[in-house]
Amino acid sequence: LNPHPPALADVLEQVPLIGTTAGDFARPVTPVRVDASSDAARQAFAADRSLYAIPVLDQSGRPAGLLNRFKFLEHLSTRFGHALSTNRTAGHYMESSPLVVDEATPIDRLAALLANDDHHLFDGFIVTRDGRYLGVGTGAALMRALDARLLERTRSLELEISERRRTESELVVAKAAAEAASIAKSTFLANMSHELRTPLNAIIGYSEMLLEDVQPDGPASGAADLERIVRAGRHLLALITGILDLSKVEAGRMELDVETFDLASVMRGTIETSRPLALARGNSLSVEGLEHVGNVTSDRTKVQQVLLNLLSNACKFTEQGTVTLRARTERVSGCEWAVIEVADTGVGMTPEQCGRVFQEFIQADPTTTRRYGGTGLGLAISQRLCHLMRGTLTVESELGRGSVFTVRLPVMLGEAGESAGATDRVRATDALPSVEATRPAPAADAPSRRPTVLVVDDDAAALDLLSRTLEKAGFATVTAASAEEGLDLARAVRPDALISDVLLPGMTGWNLLQAFKAEPSLQEIPVVVLSVIENRRRSLALGAVEHLTKPVVSDLLVTLLKVATSSTRGADEPARAPSPPRVRVAS
Amino acid sequence: MTSAQPGARVLLVDDNEASADMLRRRLERRGFVVIAARDGRSGVAAAEQEQPDLVLMDLSLPEIDGWQATRLLKANPATSHIPVVALTAHAFLTDRQRSLEAGCDEFETKPVNFDALLAKIHAILIRRAQHV
């Protein structure tokens, strides 16, 4: 398939044209001298009926004139004409100013000269080479040549048109094929996702159910093993999502879910997840420099996925060695970067292997797949995810000594000019944000802290009732009577959830919700809207977790808040009854 | 974790044996009465006969699929009031839109986040109780 059909000029260039210059029409007719008897010309015309013109040359052999067949015979047909011809010279009868052209004269120019006032199309013409006679041509021959040439042009145009039509129809077919392939790919991905999620549902569901039965502290209860199954199942689910994401990155449709989270706790989590794999090969896992990193605003799940990929990669290619996860921060050109290294003492790579290692489906060595397993996708996904988060992933390695993979991510993704935050979140979670998608980042001291709920309502009685209900259910509460006050309080306290009435003096509850979603430090806090107004759609569109109509049923509210305030880490662990929290009520 | 309103009846339409069994047992543990159907057609019939408080609807189903079954439920005055929660391994954003367009009231993906599912069920049942 040639997407660029040849230009018309190129096509004409390739068509052999008949008679492109005057030389092509030169017929080598024997000339006569200007002083020769014209009878010789008469005999020549009589002998060759196709002869239309005889050149007449001067003493030095230069063209002097032309005897045209019809004009000459006209003279002969006059009274005594025939008899006179023997006594008169050729010069007597000749046309004395015929058209004389050099053999190189182009056919178009020749046609124009023949058609002008001095000459007639049916007159012949003399062709010369370097001023000397070469032959004679006729208008009729020129006409035939022009005709043939026109025919050739028409034919080549037809050829080009049909070529273009063919190309066009091929393009239509190719476009349809590409679209079909794209649909087939999407369908395949959707089906694959469905087929993988279905058995995973049973794996995670049954193991969670078994976990509810076992005594968590019993010595041989298997609780820890079940937890590993649940964790591995969830990890697998994350990977499936990740692979689908990779194809979304390629299609340019990947969305970032930006939130502020504690990088150290994510790193600790990935170390825990990777521990069984490290132990399986006799590796020791260590983590360094956690104290150097704090909160990071980026895509938590993707950071987690990159680190898990790198750790699992390091563990895979190291035996009886050490895998170290190291963190630090750097300030480069005014932007703060989190730098995370995954270093191993494993097999290492040659510089050439290092160059290939981030390509899809390529591992350092073709025998790698046989020996170490894996899909060869992990590092490719990781690097793309890092790029997506405005960061980098690089590698340094020495054969036989080990490898160091280095992730560099901007500490504040928003600073990189990215439209992070509220808009991405609304897009990522669709019109109905799920509880799951709006979970808050756990605070650094999460294990010892009780969830704090900020309640905003201008009705003092309602405020009191709500905070007492929540305290009884195990939450700490802080209260505010207006949205403005609530916003100030939220900035100071950083609550785990916000419950707000809609109708408030000044700023409405919806304004408050918008203010939360617009502020990086507050946007991750789940918001429940309470109102006598039925406008659930608006609340959800603005990013609320739920919209409840007053009077509120406390059972529902408590359930909602418990789900909403359980951190992602908490969800990775079996559900346990919350221990009684410390109550903090601000008056 | 709070328990269900005693005896709330849930119709679970799911053709995947493991998924259906696991969900039925987990819901029963939380005090729900679970009615099971294995395909879209019998799901629609069961909804009409049994009048459950809520339907959990898988989407890829034999006979008629979950989208079509939901449309039938919502078009029938005898069942249109019953809330339908799509519960599916079709996890793409377009799947969610498609199921909401078919008339599903909520959408949850498989593998199920059971606590989130329970919260959703509670929210629906309580909201419904308020309106009745």
Side-chain angles (χ1 to χ4, degrees), chain A residues 186 189-191 193-209 212-213 233-234 236-237 240-241 244 253 255 427-432 434-437 439 473 536 545-546 548-549 551-564 566 570-571 575-578, chain B residues 1-5 14-30 58-60 85-101 104-131:
Chain A
S186 299
L189 287 174
N191 286 343
S193 161
H194 181 267
E195 294 310 305
L196 292 174
R197 280 170 171 269
T198 301
L200 205 49
N201 182 42
I203 294 171
I204 295 173
Y206 275 111
S207 40
E208 279 180 348
M209 191 165 72
E212 288 167 13
D213 289 338
R234 292 216 171 106
L236 183 53
L237 177 59
I240 291 168
T241 312
L244 292 170
R253 281 169 38 225
E255 289 157 3
R427 192 149 44 92
T429 55
D430 200 17
L432 291 172
S434 68
V435 171
E436 197 178 4
R439 256 186 212 126
R536 187 160 184 267
V545 171
E546 187 52 277
L548 298 178
T549 314
V552 171
V553 178
S554 55
D555 186 27
L556 168 60
L557 184 61
V558 167
T559 307
L560 262 173
L561 285 175
K562 278 189 178 161
V563 174
S566 69
R576 295 214 176 87
Chain B
M1 186 52 64
T2 52
S3 65
Q5 291 143 312
D14 195 338
D15 67 320
N16 183 282
E17 199 180 326
S19 169
D21 173 66
M22 181 269 291
L23 279 169
R24 180 183 55 75
R25 285 162 62 187
R26 295 190 83 179
L27 287 168
E28 282 173 357
R29 285 175 177 212
R30 307 291 170 132
D58 189 17
L59 294 178
S60 291
V85 177
L87 191 57
T88 174
H90 291 288
F92 288 12
L93 215 59
T94 47
D95 297 320
R96 175 198 286 257
Q97 280 152 3
R98 230 183 116 200
S99 65
L100 295 180
E101 275 160 22
C104 293
D105 300 83
E106 292 282 358
F107 180 91
E108 276 290 301
T109 55
K110 289 179 182 177
V112 173
N113 180 335
F114 197 64
D115 290 340
L117 176 65
L118 279 184
K120 239 167 215 184
I121 293 176
H122 279 288
I124 288 171
L125 294 181
I126 291 165
R127 201 176 301 130
R128 213 177 140 223
Q130 282 181 310
H131 287 293

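This is a predicted model, so every value here is computed, not measured. Lettering of chains follows the sequences in order, A, B, ..., and the numbering in each one begins at 1.
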(message) A side-chain contact here means heavy atoms from C-beta on lying under 4.5 Å apart; do B/R29 and A/D213 qualify?
(response) yes
(message) Is there a side-chain contact (heavy atoms from CB on, under 4.5 Å) between A/E208 and B/R26? Walk through the geometry before answering.
(response) CA-CA 9 Å; A/E208 279 180 348; B/R26 295 190 83 179; 2.8 Å; yes
(message) Show the nearest heavy-atom pair for residues A/N201 and B/P111, with the distance to one decimal.
(response) OD1-CA, 3.4 Å
(message) Quick one about A/T198 and B/N16 (side-chain donor to acceptor, distance below 3.5 Å, no hydrogens or angles considered), yes or no?
(response) no
(request) Look up atom CZ in A/R197 and atom OG in B/S19, then write down how far apart they are to the nearest 0.5 Å. (result) 13.0 Å
(request) Against chain A, label B/D21 side chain, backbone, both or neither, depending on which of its atoms sit under 4.5 Å from a heavy atom there. (result) both
(message) With a 4.5 angstrom heavy-atom cut-off, is it the side chain or the backbone of A/E546 that approaches chain B, or both, or neither?
(response) side chain
(message) Rounded at 0.5 Å granularity, tell me how far CE in A/M209 sits from CG in B/L23.
(response) 9.5 Å
(request) Please assess B/R25 against A/Y206 for the test side-chain contact (heavy atoms from CB on, under 4.5 Å), listing each intermediate value before the final yes or no. (result) CA-CA 10 Å; B/R25 285 162 62 187; A/Y206 275 111; 3.8 Å; yes
(request) Enter the distance from A/S193:OG to B/K110:NZ here, rounded to the nearest 0.5 Å. (result) 12.5 Å
